[in-house]
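Everything on this sheet refers to the single structure shown next.
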Amino acid sequence: MATLPSEAEHPASASHSARLTDLKPRRVLACARCQQRKVKCDHKYPCATCVKSRVQCVTTQAPRRRRRRFPERELLERVRRYEDLLSQHNIKFDPLHAIAQSTEEKESSTSNLEGSYESGDEQPGIGPLATNAAIQPPTTTTTSERHRVYEAKPILHALNHEYRDCDDDDSSDDEVRQVVLQEAWDQAIENDTHLLFGWRQTVDMYTLHPQPVQIFQLWQLYLDNVNPLLKVTHTPGLQGRIINAAGNVLEINTELEALMFSIYCMAVSSLTEDGCQAAFAESKAVLSARYQLGCQQALLNSRFQRTTNRDCLTALYLYLVSIKGITTPQSLSSMLGVAIRIAQRIGIHSEAYLAKYTTLEAEMSRRLWWSLVLFDTRIGEMADSKAITLLPSWDCRVPLNVNDSDLRQEMKLRPRVQAKLTDAIFAVVRSELGDFIRHCKFHLAFFGPALRPADANAQRGTDIENSEVESYAKIIEERYLKFCDLENPLHYMTIWTTRGQIAKYQLMEHHFRYSGSPLHQAEAQRDAALSYALSMLKCNTELMSSPLTDGFIWMVYNYFPFMGYIQIVQHLKWRPLSAKADEAWRVMDENFHARRDSLNGKGIFFKLLAGFILQALTAREAAIKQAGLPWVTPQIVLSIRGSLAEIVPRADGPSPEKSLSGIDIGLLDFPMPMSSNLGHYNMGEYDELEFSGAGPYPDVPGLFPQNLDLDHLDWFAMDWNPGSDLSGGTRPKGLE
DNA sequence: GCTTTCGGACCATCAATTTG
DNA sequence: AAATTGATGGTCCGAAAGCC
């Protein structure tokens, strides 16, 4: 006999009205895998069957009970047909659909007004290529003269036009041909979607959706915590579609469904563990697993690998952002490569293609492209990717600094940028900074040497006074940051993220000038490098410690000021008692303190960070001993000592080797595997100090017992997100 | 011999309909 | 309003197939 969960266990299973069902938590169904396998499920998380099989258990919830199909729709259809016949034969009658008709007409004439749906479920696809209606004649091209337009010449076009008149440049032929070709491929190869996420499972998608109330909760969280930073969805257009979809999760088109699940994923990932429990009475792990499975399935159903639909690509992008905490940067970077390739196939990287779309579509595509590229760049840094996309090899313009409400479906021309402070300020400023950086000499030297101007090498070092980044920093401050309000969370994020990024780029530019250069760095120049590093940490501390960034903290975790730490520690080793040393220790302490929750006092990354800082500490101890000065323990050392005591139980036996600071050196002794992740980032003269063998303190034997090999340290790959599984010490192997 | 797959029996739920 | 009906949805037994 089938054994359903008892009523006591699942109060919602008692008979009551549908409205009550909506308010009460729905009963827990068999997990997705047991449903699929049709085997008994104990309805726990994880369930016994999944535990036994050692697979991820994904809980599902019963959806609102489907209303019984009402035959009225069929009757109305008949009435409509008979009315049509009456109309055709000029027979007078009282039309039942007078109201409906006028509503439809009104909708079609005003469908482009602000607040109207960008595209309903039943409307044609909204992707740039999915709808011809969205294509504008190229005469309205928005390409400005100051931008060169790069348009890849389609080889098919060239082949077909070889024997035609030069004037006969009918690009519509090409488009038709392209569509026909794609259809042919679609027919020839029915199913290749399993290549990335495996085969589609038989799990019913609607069981993975949350209740409508929760859908709106998640949507609101997304609007509060995610959308202000990424701006890859158009709120006035999307909101209506989500409201519609939430009312009937059984009939959502696959692309919108993927987008909804990716929004759920992002909303959950923007929450703290406690916040998630408070809002949804479930752990982040459980909800994330459910929505990630839903998103994967919806993406598979949308055949995302061959998609031309922007919703689908946006969903893939948001999904990838949301899984950052549970993937290695290497895997994520590979997946982002897929997303970038899809974006390029759609053409959103190119103004020549974007000119063919409506203003709204083109603008949203630009936002998506930039967001994708900037995320790919960061993950590429972490994964030590040799190929990054942030290069001057494409011409998609920076998104306009306009509000969502300034972008309307019917617009023919780009809206005029009037306000400095729009709801897209964060996305715009970081894209502008990215646009500037991708053309910088130092950036090209590190990431795109082949694209560097021929004289760039000669220029290095000779124009020391002429810092590209410094000049641009002033422009950004004048153009945007000075208008920002430090009380406004989004502005606060914009100010400190931008300044932190600029400090990082100044540091990189500094090393571009001096790395391998015959010019010797004066102390003042080294101090400048230190001040950039300190600035990186200070900006990061502002972001980490302010309550204003609570909702945006998921983004802050993406930018650990790794280079800043390296620079500071190197400086402190080189000049342990310099004038700025005390400030450097204080700044590190403040950042460490702000980061403490995310480090959580445990995990391999904490040990790495502690071991790294210990290098500077050891140099300080030696210098103080030598100078005969009194020892004052930096605050950060006390914090590390406290955290270490928590994570490493004191073993009995001979007392371990201790430094002046009281830190057990042995506790931080671990092998250093890992690939060279700083290969592209030369530390300049510090390399000399670090690896020459003699070191800066040749007369102090055994100075660096924990001398971490900075050139082989996987710092970029560290994930400081407390929600990350990786921070628990499960990776990398060999360090546990 | 163990595991997986899946047809379909069985049961719960609840909107619609009927009854009193 | 209560009882009844019947469509729909969820569970999981157990036979059959697959795998080692």
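Letters go in sequence order (proteins before strands), and every chain restarts at 1. FYI, side chains are in, hydrogens and waters are out, and symmetry mates aren't considered; it's all heavy atoms of this structure.
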May I have the distance from A:Q35 (atom CD) to B:dC6 (atom C1'), rounded to whole angstrom?
-> 14 Å
Atom-pair distance (CZ on A:R37; C1' on B:dT3), nearest Å = 7 Å
Is any N or O donor-acceptor pair between the side chain of A:K38 and the base of C:dG14 shorter than 3.5 Å?
-> no
Derivation and outcome, side chain to side chain contact (heavy atoms under 4.5 Å, CB included), residues A:M266 and A:N225 = CA-CA 9 Å; A:M266 276 310 298; A:N225 299 347; over 6 Å; no
Please find out if less than 6.0 Å separates the ring center of A:W219 from that of A:Y222.
-> yes
Counting only N and O atoms by type, is there a donor-acceptor contact under 3.5 Å from the side chain of A:H234 to the main-chain atoms of A:M364?
-> no
Take the protein atom NZ of A:K40 and the nucleotide atom P of C:dG14, then report the distance between them rounded to whole Å.
-> 12 Å
Please work out if A:C41 contacts a base, only the sugar-phosphate, or nothing of the nucleic acid, heavy-atom cut-off 4.0 Å.
-> sugar-phosphate
Roughly how many Å is it from CZ in A:R33 to C1' in B:dT4, rounded to a whole number?
-> 9 Å
Side-chain atoms of A:K52 come closest, of B:dT5, B:dT3, C:dT11, to B:dT3
Closest non-hydrogen atom pair, A:T307 against A:C312 = OG1-CB, 3.5 Å
Side-chain atoms of A:L29 come closest, of C:dT11, C:dC13, B:dT4, to C:dT11
